[in-house]
Enquirer: 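Have a look at this one.
Here is how names work: the chains are called A, B, and so on, in the same order as the sequence lines, proteins then strands, and each is numbered from 1.
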Amino acid sequence: MIAMDKWQVARLLEEISRYIELSEPNPFKARAFERAARAVEGLETDLAKLAKSGELTKTSGIGKATGAIIEELLQTGTSKYLEELRAQYPPGIFELLRVPKLGLKKIGILHSELGIGNLDELEAAAREGKLAKLKGFGAKTQEMVLAGIKFARQRESRFLLPTGIEVAESVREQLAGIAGIEDAEIAGSIRRRLEVVQNVNIVIATKSTEKVLAAMQKRGIVEGLESIDERTAKGMTRGDIVVLFHFAAPDDFGTALLRATGSTEFIDAFNTRAAKNGYELREDGLHHNGRHVKTPTEEDAFEKAGLTFVDPERREDGSDLALKKRRKLVELHDLRGTFHVHTTFSDGRNSVLEMLSAARERDFDYVGLSDHSPTASYAGGLSVERLKEQHAEIDSHRETVAPLRVFRGTEADILGDGSIDYDDKTLAKLDFVIASVHSKFNMPKDEMTERILNALDNPYVTFLGHLTGRLLLSREGYTMDYERVFEKAGARGVMIEINGNPNRLDLDWRHVKRALALGVRFSINPDAHSIREYGALLTGTWVARKGGLSPKEIFNTQPVDAIEAYFAARKEAARNADRR
DNA sequence: GCCGTTTTCGGCCCGACTGTTTTCAGTCG
């Protein structure tokens, strides 16, 4: 029998909740299953043991019905109720959620009234004007749906960087056993660590392209693999991800990797500079005054052409080729601690102790907890009383997690007028304050700019959180005058967070250069809502590297004493600040 | 469906926004 863990059980409870919301007028029934899922996730004791003892329903949020379903899931791996719900709807029904502004209620109506169960059917019905006639729908909704379908489709063939890396790694691993392949490396925008990517590029070093290609086809490394020219082959994986293979002789592998990594702009800049030394990158390798030059590694290509090596992340344009020395970019192991960590006090999935223990296991010297503020009620923002309780809990764990040092913070909402969602007295009790926008995203540019500038005037603010507010592949960032924001942040010593959540990667690396020039310092933060999400520090590091940041420009590369002294000094200054 | 209790049904987290309404429902964070 399949042993189900609490996370899998929670996923299935969520699925039930979604189905219920499609058909059930009472929204609280769906919410009850949602709550049960949260309750299961938050369990400190083993779910299977708890079920065995018959005390499941003693957990708040789990009642008679949900308890029985959980037991059934644990015993059989599925639930009759869930199977019945699944049978009532087409399998692709939830793909409709990818259309913005379409929620489960509207999807439920579309299915029951028009039998719509996927994007194609939705598009056909909207084009025929059938949507506008439904109750609760209208002409505008119909238009919005059509625009939304376009939006969803555009994003179909684009995917987030971590997905790209996972797919690319898995394809590369499959190449390992093929005779004749001497080396294989991931290239393209994935190697450049672009936040959203469109295809996978892999460079293969081999002396017998045809033989290798045949072996790859035979093994079914990807679907529909076929050569598109002498040196390139193309296939698909996971349904809709295009994989390009670039073949090169081992002696030309460096040049091939360089060219396949791009960007086009960088390669052009490379060639312009190399030409001055008589060198040229060609499809068939590096050439010096028309004669072939061996470049088994990428470093060889840079060196022979007389150019400074540029890390792949920095190859969006040619600017770093002008540097005399290779840029020293920050690396994950440079980080000594981090901030912006949530716990079960607000919307995190792990307790204070779990998050602290995980930070210690990662060998951090320090970590700063920051749950939401009261206005973020949907995320369980902390009242002043709850904040006090959290402080007491943190204090009770300090010895347990030593030598890890714990800082007490908040991720406080920047309210509509730019004020911070706690009073000064409360803020003064914290070691640090991350100020973030979580509401009223669609303000006009001027208003949003003033709002952020106002927040920067609060002397207790230490960091600006996920400044642009973008959600990759789903939401554009806020409009604001970034120049003015960076200027003021720099002048007031407020750091800007580089939020490493792969859905955000915010600050956008494109802003980093300008912010740095205006005196802004950065902190790489995970915005972790679970232990696993400390992993976002790696993705955050990529953003910093893409922005060209070195360890000294990153706050959390500093030792704990420096951090503590900085917070203390800043708080002291805030207390003394004139705040009329 | 769950919870709590003012023991057997009423409330459940909420505010902004938008479109469809003519006072509200659905979506989003």
Enquirer: Write down the distance separating the C1' atoms in B/dT20 and B/dT27, rounded off to the nearest Å.
Expert: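 It works out to 14 Å between them.
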Enquirer: At under 4.0 Å between heavy atoms, what does A/L102 touch on the DNA or RNA strands: base, sugar-phosphate, or nothing?
Expert: sugar-phosphate
Enquirer: Centre-to-centre under 6.0 Å for A/Y460 and A/F432, is that the case here?
Expert: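 No - the distance between ring centres of A/Y460 and A/F432 does not fall below the 6.0 Å cut-off.
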Enquirer: Starting the side chain at C-beta, find the nucleotide from B/dG29, B/dC3, B/dC17 nearest to A/K440.
Expert: B/dC17
Enquirer: What contact category does A/K64 fall into here, base, sugar-phosphate, or nothing, at under 4.0 angstrom with non-hydrogen atoms?
Expert: sugar-phosphate
Enquirer: How is A/A139 classified with respect to the nucleic acid when contacts are heavy atoms under 4.0 Å: base, sugar-phosphate, or nothing?
Expert: sugar-phosphate
Enquirer: Please confirm whether A/R521 makes a cation-pi placement over A/Y566, using NZ or CZ under 6.0 Å from the six-membered ring centre and within 45° of the ring normal.
Expert: yes
Enquirer: Pick one for B/dT18: is it syn, with its angle within 90° of 0, or anti?
Expert: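 Anti conformation here, the glycosidic angle of B/dT18 being more than 90° from 0.
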Enquirer: Is A/G61 touching bases, backbone alone, or none of the nucleic acid, heavy atoms closer than 4.0 Å?
Expert: sugar-phosphate
Enquirer: A/N442 near the nucleic acid: base, sugar-phosphate alone, or nothing, with a heavy-atom cut-off under 4.0 Å?
Expert: nothing
Enquirer: Base, sugar-phosphate, or nothing: which does A/S436 touch, judged by heavy atoms less than 4.0 Å apart?
Expert: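 Touches nothing.
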Enquirer: Under 4.0 Å between any heavy atoms, over every strand shown, what does A/P27 touch: base, sugar-phosphate, or nothing? Just pick one.
Expert: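 Here A/P27 touches no strand at all.
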Enquirer: Could you say whether A/R504 or A/Y81 is positioned toward the 5' end of DNA chain B, judged by the nucleotide with the nearest heavy atom to each?
Expert: A/Y81
Enquirer: Are A/R514 and A/E483 within salt-bridge range, i.e. N to O under 4.0 Å?
Expert: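 Answer for the salt bridge query: yes.
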Enquirer: Okay, side chain of A/T539, backbone of A/G500: is any donor-acceptor separation there less than 3.5 Å?
Expert: yes
Enquirer: Going through the checks in order, is the side-chain hydrogen bond (donor to acceptor under 3.5 Å, both in side chains) test met by A/E497 and A/N499?
Expert: CA-CA 6 Å; A/E497 148 183 297; A/N499 187 308; 3.0 Å; yes
Enquirer: So that I can tick it off, tell me whether A/E14 and A/R38 are bridged by a salt bridge, with the cut-off set at under 4.0 angstrom between side-chain N and carboxylate O.
Expert: yes
Enquirer: Could you check which of B/dG26, B/dG1, B/dG29 has an atom nearest any side-chain atom of A/F441?
Expert: B/dG29
Enquirer: N/O contacts under 3.5 Å, protein versus nucleotides 13-15 of chain B?
Expert:
{"from": "B/dC13", "atom 1": "O2", "to": "A/S377", "atom 2": "O", "distance (Å)": "3.1"}

Enquirer: Taking the six-membered ring for Trp, is the centroid-to-centroid distance between A/F339 and A/F567 below 6.0 Å?
Expert: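 Ring centroids of A/F339 and A/F567 are less than 6.0 Å from each other.
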Enquirer: Taking the side chain of A/S60 as its heavy atoms from C-beta onward, which of B/dC3, B/dG1, B/dC17 lies nearest to it?
Expert: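 Closest of the options to the side chain of A/S60: B/dC3.
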Enquirer: What does B/dT8 pair with, Watson-Crick or G-U, if both distances are under 3.5 Å?
Expert: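 Partner of B/dT8: none found under 3.5 Å.
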Enquirer: Taking only the side-chain heavy atoms of A/K140 (C-beta and beyond), determine which of B/dG19, B/dC2, B/dG1 contains the nearest atom.
Expert: B/dG19
Enquirer: Does A/L134 or A/K106 map to a spot on DNA chain B nearer the 5' end, using the closest nucleotide for each?
Expert: A/L134
